[in-house]
Protein chains: 4
Amino acid sequence: MPKPTFFNLPDDKRARILDLAIEEFAAHGYRAASISRLVAAAGIAKGSFYQYFDDLDDLYHTLLHLGGEQKARYLQATPPPDPAMSPFDYLRWMLRGSVGFEVANPRLARIAYQALMGDGPAEGFVTEMRAALMTFYRAMLARGIEYGHLDPGLDLDAAAFVLTSTLLPLSQYLLSRIDLEPEDLVRPGGPHAAEIEALFDGLLHILEHGMGLHAPEKATHHG
Amino acid sequence: MPKPTFFNLPDDKRARILDLAIEEFAAHGYRAASISRLVAAAGIAKGSFYQYFDDLDDLYHTLLHLGGEQKARYLQATPPPDPAMSPFDYLRWMLRGSVGFEVANPRLARIAYQALMGDGPAEGFVTEMRAALMTFYRAMLARGIEYGHLDPGLDLDAAAFVLTSTLLPLSQYLLSRIDLEPEDLVRPGGPHAAEIEALFDGLLHILEHGMGLHAPEKATHHG
Amino acid sequence: MPKPTFFNLPDDKRARILDLAIEEFAAHGYRAASISRLVAAAGIAKGSFYQYFDDLDDLYHTLLHLGGEQKARYLQATPPPDPAMSPFDYLRWMLRGSVGFEVANPRLARIAYQALMGDGPAEGFVTEMRAALMTFYRAMLARGIEYGHLDPGLDLDAAAFVLTSTLLPLSQYLLSRIDLEPEDLVRPGGPHAAEIEALFDGLLHILEHGMGLHAPEKATHHG
Amino acid sequence: MPKPTFFNLPDDKRARILDLAIEEFAAHGYRAASISRLVAAAGIAKGSFYQYFDDLDDLYHTLLHLGGEQKARYLQATPPPDPAMSPFDYLRWMLRGSVGFEVANPRLARIAYQALMGDGPAEGFVTEMRAALMTFYRAMLARGIEYGHLDPGLDLDAAAFVLTSTLLPLSQYLLSRIDLEPEDLVRPGGPHAAEIEALFDGLLHILEHGMGLHAPEKATHHG
DNA sequence: TATGAATGAGCTTTCATTCAT
DNA sequence: CATGAATGAAAGCTCATTCAT
């Protein structure tokens, strides 16, 4: 938790520090991030850092929380589909939102991704978030079964694992595959919008047929 | 690339150094691994390290190559099924082999996993290996389509991505979920063999139905 | 010397600051005492400290003076015996008083003791106080000779040195030897009152016979 | 305990480092001694210090042990008097030796003195040494009683306390009183030899008469 | 080849002190 | 008078790397 001093800072200064901190962690990872480098980049005194934060860990957790809040706000900008409908519609909504946010905030996304992949301190926050993700997907799938959209014989553990493993690295994959500026990547009518939607289609098709109740006629999905 | 000096070492000494290096990287990660700690643990002189390797990066890549070779040897111990048969039989073979190897070499597996997840130096090797994995899966899937086992409309990129993302973290997931000693985990008749096979079944079912040509009668997979 | 600001403070606030300052110096010693820690404990602003004192040294000397005054007041509460009588009666009075005060104010006593033992700044104050102590004892001893209570051949320097060296650490010794709460230690009828009086007897006996004119019959002091 | 590296150093370099370390601790005390200052003075790299010692504490204890050994060697150069004789003869021997050593090694003596006075880390070594001193004096006094040199009614605790308290700071007192170069102070025929012996006489007289069995005729000690 | 002492840059952290509000 | 943000010097300590033996 940052010290009150940090929140009393002028908005632009606080924002600049956070931005450079994101830069630092994204560039060097949790373990090799350096307070010295950060304060040099930010043009503030070494001692000032400790007026704002307890230590690097404090700043790190601040960044992760910040990322979580920002992503939540971003997702809420587009209302989610009716949960009684197919969970794949829901997934598509979430997928568009997540990728949109992460492509718009690639460095912050990279930090969160690495945190969930085992970089960063092993304790608390991260472990909880991984578990929360799995739990969330399990619940979503269970609801899907209840509403008759999913195969009742589905192995929930396996399915939640597939979802987590697949969706987490998705935007990193996109960013690496399409070597473009992030902002160009997801602009609604941008040059890659079609390509991305195609990938979403392919992905969701696999998941849907892998997990869903597929009537024979639905098999001709991509005529 | 290690220097010739390293290969002239007595076998046991060379093995001990590699083993402790694995320990060091697995325990502290690529960025926080320390030559000082390693030579102290190995009981060799600081200078000797530089007789064997250029630097930590050199050793790191050596370890990754070593892991690759060992895994290849391990997999080849069990002959793969006929590639003309269902790619899911092939996948199951590979899955059993991979998980078996990684659970038998948890620290080495952890290093490789973290390397592929973005720890380690961003350059060369790692990126290549990720690409190689994707390419390998793409080829496997293409062959599956060719032989009529897979839906010809399958989005190869999406499918290869799902496979890569799902199979890479699988053994880490298993190790975390089943809180047991690694060696107990995969012993053929061990206490968790059934549980693991069930997870494999669930996983392959999803992938198979998501990607395959599913005859209607196969839908009752787990009666 | 504290600044006037300090004396204009509400009594309770001023007292609290002094009390916490005593705590700080007693706990960490002169050299490791920290303004930062003190103001944090006292809940005052960093800058406020400098409104009250020049620096840590200023506060330190204030504490020492304060201790001196308090001790003087404490001693005067019990009227000293007639100086024309044996200086050992006088010593016993002083001893009781000193030990009583120091045991009642252990942290303040500890600071003063360490100051006189060479902790603290080498300059001025401390040296003076040590010299003053010696001078005081010399005068007392000289008066004892004058009044015929002491051996006229007594080496005044040696004797004053013995007194100073012996009495200064006395209460520290008592506190360390008897592992009890300070307040229990000197309560008139307390469990250790007898033990302490016995030590006083032993001590004064040695000093008296070492320095005094001892009539043969007084040799049977502790039948 | 210093690391082996330190003992492999050339003699003169090792000696210079120890000497400057003594200087550092004597000048600034245990708590304010600084590795940075020391290495600057010694002209060695910061890192080199840590090749020799674990940390400041390690060096500090090394110095104390070194002082103890040197003093023991110094004392053994003059054979002690027969312990069956008066303990005051023994005391005089010890006193001459101690003062001689401490005046010849004033800074080392100051460090040890401050250590025994409560500077330095509270743990182990120091507490033990204080207790050892008291025990040693108690034993000496008990032997004195046994051999009939001391008053059998003597309070051993009180007496041992007087001895410890008096003799410990003696050379510090001498050094402060006689403002001379240490080496001039104890040279056998030096300008202050007589003065010092006189102080010894005075001191021992007090102790002897305070603790001893004084036959009436011995009372005329300084005729 | 093996050694391990030497090095200095770099790290995190604490500190007393100043000063604008 | 009170405040607390800003500062940079200085601390202890670790590190990879070099090099003479």
Side-chain angles (χ1 to χ4, degrees), chain A residues 3-10 13 31-40 43-59, chain B residues 3-6 8-10 13 32-40 43-57 59, chain C residues 3-6 8-10 13 31-40 43-59, chain D residues 3-10 13 31-40 43-59:
Chain A
K3 303 182 181 176
T5 314
F6 184 61
F7 297 111
N8 297 340
L9 244 36
K13 185 171 186 178
R31 300 194 120 111
S34 150
I35 293 175
S36 295
R37 216 162 22 207
L38 172 59
V39 297
I44 64 176
K46 268 261 191 57
S48 293
F49 176 87
Y50 291 91
Q51 302 267 30
Y52 307 148
F53 305 98
D54 286 330
D55 48 26
L56 255 195
D57 252 62
D58 190 11
L59 171 55
Chain B
K3 303 181 180 176
T5 325
F6 183 61
N8 295 339
L9 245 36
K13 186 172 186 179
S34 148
I35 292 177
S36 297
R37 221 167 12 214
L38 172 59
V39 297
I44 64 176
K46 217 48 159 308
S48 296
F49 178 87
Y50 290 91
Q51 304 266 26
Y52 308 148
F53 305 99
D54 286 330
D55 48 25
L56 256 194
D57 254 62
L59 170 56
Chain C
K3 303 182 180 176
T5 324
F6 183 61
N8 295 339
L9 244 38
K13 184 171 187 179
R31 303 196 118 112
S34 147
I35 293 176
S36 296
R37 215 162 23 208
L38 172 59
V39 296
I44 64 176
K46 215 63 157 299
S48 295
F49 178 87
Y50 290 92
Q51 305 262 29
Y52 307 148
F53 306 99
D54 287 331
D55 48 25
L56 256 195
D57 254 62
D58 189 11
L59 170 56
Chain D
K3 303 181 181 176
T5 314
F6 183 62
F7 297 111
N8 295 340
L9 243 37
K13 186 170 186 178
R31 299 193 121 111
S34 150
I35 293 176
S36 295
R37 217 163 22 211
L38 172 59
V39 297
I44 64 177
K46 263 265 193 56
S48 294
F49 177 87
Y50 291 92
Q51 301 265 31
Y52 307 148
F53 305 98
D54 285 331
D55 49 26
L56 256 194
D57 252 61
D58 189 13
L59 170 56

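Computed from a prediction, not measured in an experiment: that's the story for all the values here. Throughout, a chain's letter reflects where its sequence line sits, starting with A, and its residues are numbered from 1.
To the nearest angstrom, P of dA16(F) lies 12 Å from CG of Leu59(B). The CZ-C1' distance, from Arg37(D) to dA9(F), rounds to 13 Å in whole Å. Distance CG (Asp58(D)) to P (dC13(F)): 11 Å, rounded to an integer number of Å. To the nearest angstrom, C1' of dA6(F) lies 14 Å from NZ of Lys3(A). A straight line from CZ of Phe53(C) to P of dT18(E) spans 16 Å, rounded to a whole angstrom. Computed from coordinates, the Leu38(D) CG to dA11(F) C1' distance equals 14 Å when rounded to whole Å. Atom CG in Asp55(D) sits about 14 Å away from atom C1' in dT14(F), given to the nearest Å.
Closest approach of Ser34(C) and Arg37(C) over heavy atoms only: OG-N, 3.0 Å. The two atoms that bring Lys3(C) and Tyr50(C) nearest to each other are NZ-O, 2.7 Å, heavy atoms only. Taking each heavy atom of Phe49(D) and Val39(D) in turn, the nearest pair found is CB-CG1, 3.8 Å. Taking all atoms of both residues into account, the shortest heavy-atom contact from Asp58(C) to Asp54(C) is OD2-N, 2.9 Å.
Summary of the strand contacts: Gly43(D) and Asn8(B) both lie near DNA chain E, and taking for each the nucleotide with the nearest heavy atom, the more 5' one is attributed to Asn8(B). Toward the 5' end of DNA chain F, the nearer of the two residues Thr5(A) and Ala33(B), judged by each one's closest nucleotide, is Thr5(A). For Ile35(C) and Ser34(A), each mapped to the nucleotide of DNA chain E holding its nearest heavy atom, the one lying further toward the 5' end belongs to Ser34(A).
Using a 4.0 Å cut-off on heavy atoms, the residues of residues 44-51 of chain A that approach DNA chain E are Lys46(A), Tyr50(A), listed by number.
In this structure a side-chain-to-backbone donor-acceptor pair under 3.5 Å is missing from Lys46(C) to Ile35(C).
To the nearest 0.5 Å, atom CG of residue Leu9(A) and atom CD of residue Gln51(A) are 10.0 Å apart. Between the CG atom of Leu38(A) and the CG atom of Leu56(A) there is a distance of 8.0 Å, given to the nearest 0.5 Å.
Pair assignment for dG8(E): dC15(F), on the basis of Watson-Crick or G-U wobble contacts that are both within less than 3.5 Å. Both distances falling under 3.5 Å, in either a Watson-Crick or a G-U wobble arrangement, place dT13(E) opposite dA10(F).
An OP1 or OP2 oxygen of dA16(E) is reached within less than 4.0 angstrom by a side-chain nitrogen or oxygen of Ser36(C).
As judged by a 4.0 angstrom heavy-atom cut-off over every strand, Lys13(A) is placed among residues touching the sugar-phosphate backbone only. Using a 4.0 Å heavy-atom criterion, one finds that Ala32(D) contacts no nucleic acid atom at all. Within 4.0 Å (heavy atoms only), Leu9(C) reaches sugar-phosphate atoms of the nucleic acid but no base atom. Here Ala40(A) lies out of heavy-atom contact (under 4.0 Å) with every strand. At the heavy-atom level, Tyr52(C) lies under 4.0 Å from the strands shown only through sugar-phosphate atoms.
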